[in-house]
There are 2 protein chains.
Amino acid sequence: MSGTTGDRILDTALISFGTRGYDATSLDALAGALDIRKQTILYWFPNKEAVLSALIERSAAELSLALEAGLEGSGEGWDKVAAIVRAVFRLAARRPELLGLLREVARLGPPAATQMVAALDPLVQRANIFLEAEMDAGRMRRHDPRLLLLAIYSTVIGMVTEVEVFRAMGEEPTARSLVRRRADVLGLLRSALMTPVEG
Amino acid sequence: MSGTTGDRILDTALISFGTRGYDATSLDALAGALDIRKQTILYWFPNKEAVLSALIERSAAELSLALEAGLEGSGEGWDKVAAIVRAVFRLAARRPELLGLLREVARLGPPAATQMVAALDPLVQRANIFLEAEMDAGRMRRHDPRLLLLAIYSTVIGMVTEVEVFRAMGEEPTARSLVRRRADVLGLLRSALMTPVEG
DNA sequence: CAAATCCTCTACCAAATGGTAGACAACCGG
DNA sequence: CCGGTTGTCTACCATTTGGTAGAGGATTTG
């Protein structure tokens with residue numbers, strides 16, 4: 001995967017924290033998955049919390065990178081929103097742990113959640129500015145941009161990370177099902193966000 | 001709060017599982033909060049998992065009761081959706097643990113998630129039938145009703161339970177902020193779901 | 001080549017966890 | 001008033017947890 005043992009630890013921690021959860025991942029289990037001893041982890045990080053903290057920083061960076069692309073390129077208006085939503089679904093398919101971690105950290109609360117939100121702040125700012133501009137241009141319905149962002153976040157992240165609910169409802173977590181969900185979310189969001197075209 | 005010690009245990013477990021989480025709640029802590037010994041818990045329930053299981057059953061019933069009311073009374077079309085969303089927000093204000101538990105159980109996965117979904121199945125069925133009828137009547141945009149339900153679920157539950165994200169973003173969890181979120185969600189959902197009135 | 005640095009390991013440890021065994025008091029029907 | 005049931009407790013226990021202490025091999029550096 002990557003260079004130092006420290007990096008490998010974070011790689012594995014991402015998967016385990018992002019799927020099983022932080023509490024449910026013991027240092028021993030983490031070490032076991034890497035075929036090293038727990039003391040090696042504690043050499044690279046002073047304690048378990050520090051592993052999470054470093055992981056948050058790294059993951060926020062990767063998340064930002066993946067989504068900034070959407071905010072950067074690709075037209076404006078709805079196209080841009082769609083591009084970002086697509087980017088999130090792409091992440092859900094290729095790196096589900098990353099979104100899982102986001103959710104887990106949100107659940108853990110401070111200080112982890114605070115750190116994650118802080119690390120994602122630039123992204124949030126850009127999104128806010130974009131949304132306001134769209135509203136000013138009359139392409140999007142007026143809303144409090146912060147609330148709007150959180151609503152979009154809830155919807156998309158939920159549709160992408162509530163694996164267990166889907167499984168329990170009989171939806172197998174296949175690539176096909178993910179595509180269907182994406183189409184649905186896109187349709188819903190367009191109706192919800194965009195002002196109807198007149199003509 | 002209520003009758004038997006078994007009930008009191010569930011009362012307290014609801015709060016703790018629903019806010020701190022299942023893993024983060026030890027039997028000792030649970031007992032401590034009730035000023036009893038952990039062995040008393042293990043007298044009423046064979047093990048920790050059984051506490052969760054009983055709690056799920058009880059909470060699903062309460063949840064159903066609170067929401068069935070919305071599905072039962074109050075007009076049709078949008079009014080009904082709004083009534084249910086309002087019911088959820090009312091729960092968020094009065095019994096946040098209940099929604100917290102829902103979320104926690106969804107995260108825990110089988111068997112807990114499966115049990116919860118099964119217990120809520122009647123509610124889901126009714127909601128599905130309602131949505132299909134609305135679509136057939138042309139009042140709502142066409143969607144796969146299951147996906148639609150999950151999208152609404154994600155949005156509303158997210159906006160109501162992602163306390164930590166809101167806090168980390170500087171939104172204090174006040175009653176006022178909850179009301180604003182409710183208004184926003186209602187607005188968004190109406191645009192997303194309902195076919196525009198023509199005339 | 002010696003000394004320091006870097007990295008991983010073995011050996012522990014105290015605290016907490018879920019759970020078992022069984023004493024003991026209160027209560028209740030015959 | 002007595003035998004059984006019910007409910008809570010004390011006393012343990014094995015396992016797991018996050019973490020410490022420090023030995024020892026490799027690698028770099030003077």
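Below, chains carry the letters A, B, ... as their sequence lines are ordered, and counting in each starts from 1.
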salt_bridge([X], [Y]) N-O dist < 4.0 Å:
X: B:R86; Y: B:D79; result: no
X: B:R146; Y: A:E171; result: yes
X: B:R181; Y: A:D144; result: no

At less than 4.0 Å, is any side-chain N or O atom of [X] found next to OP1 or OP2 of [N]? Yes or no.
X: B:S26; N: C:dT17; result: yes
X: A:T5; N: C:dC7; result: no
X: B:Y43; N: D:dG7; result: yes
X: B:T40; N: D:dG7; result: no

In whole angstrom, give the distance that lies between atom [atom1] of [X] and atom [atom2] of [N].
X: B:D23; N: C:dA16; atom1: CG; atom2: C1'; result: 14 Å
X: B:I36; N: C:dA25; atom1: CD1; atom2: P; result: 20 Å
X: A:D7; N: C:dC7; atom1: CG; atom2: P; result: 12 Å
X: A:L30; N: D:dT17; atom1: CG; atom2: C1'; result: 14 Å
X: B:I41; N: D:dC9; atom1: CD1; atom2: P; result: 10 Å
X: A:F45; N: C:dT8; atom1: CZ; atom2: C1'; result: 15 Å
X: A:F17; N: D:dG18; atom1: CZ; atom2: C1'; result: 12 Å

Without placing hydrogens or testing angles, list every side-chain donor-acceptor pair under 3.5 Å for residues 100-125 of chain B, not counting sequence neighbours.
{"from": "B:R103", "atom 1": "NE", "to": "B:T161", "atom 2": "OG1", "distance (Å)": "3.3"}
{"from": "B:R103", "atom 1": "NH1", "to": "B:T161", "atom 2": "OG1", "distance (Å)": "3.3"}
{"from": "B:R103", "atom 1": "NH1", "to": "B:E162", "atom 2": "OE1", "distance (Å)": "3.4"}
{"from": "B:E104", "atom 1": "OE1", "to": "A:R107", "atom 2": "NH1", "distance (Å)": "3.4"}
{"from": "B:E104", "atom 1": "OE1", "to": "B:R107", "atom 2": "NE", "distance (Å)": "3.2"}
{"from": "B:E104", "atom 1": "OE2", "to": "B:Y22", "atom 2": "N", "distance (Å)": "2.7"}
{"from": "B:E104", "atom 1": "OE2", "to": "B:R107", "atom 2": "NH2", "distance (Å)": "3.3"}
{"from": "B:R107", "atom 1": "NH1", "to": "A:E104", "atom 2": "OE1", "distance (Å)": "3.4"}
{"from": "B:Q115", "atom 1": "OE1", "to": "B:S53", "atom 2": "OG", "distance (Å)": "3.1"}
{"from": "B:Q115", "atom 1": "NE2", "to": "B:S53", "atom 2": "O", "distance (Å)": "3.0"}
{"from": "B:Q115", "atom 1": "NE2", "to": "B:S53", "atom 2": "OG", "distance (Å)": "3.3"}
{"from": "B:Q115", "atom 1": "NE2", "to": "B:E57", "atom 2": "OE1", "distance (Å)": "2.6"}
{"from": "B:D121", "atom 1": "OD1", "to": "B:Q125", "atom 2": "NE2", "distance (Å)": "3.2"}

Determine whether more than 12 heavy atoms belonging to other residues, nucleotides or ligands lie under 6.0 Å from atom CD of A:E49.
no

Across the strands shown, which category fits B:L42 at heavy-atom distances under 4.0 angstrom: base, sugar-phosphate, nothing?
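Touches a base.
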
Checking only heavy atoms, does the side chain of A:K48 share a donor-acceptor pair with the base of D:dG19 at less than 3.5 Å?
no

Nucleotide nearest [X] (side chain, heavy atoms from C-beta), chosen from [options]:
X: A:K38; options: D:dG18, D:dT6, C:dT8; value: D:dG18
X: B:Q39; options: C:dG19, C:dA11, C:dT8; value: C:dG19
X: B:W44; options: D:dG19, D:dG7, C:dT8; value: D:dG7

Between B:R37 and A:N47, which has a closest nucleotide on DNA chain D that is more 5'?
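Result: B:R37.
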
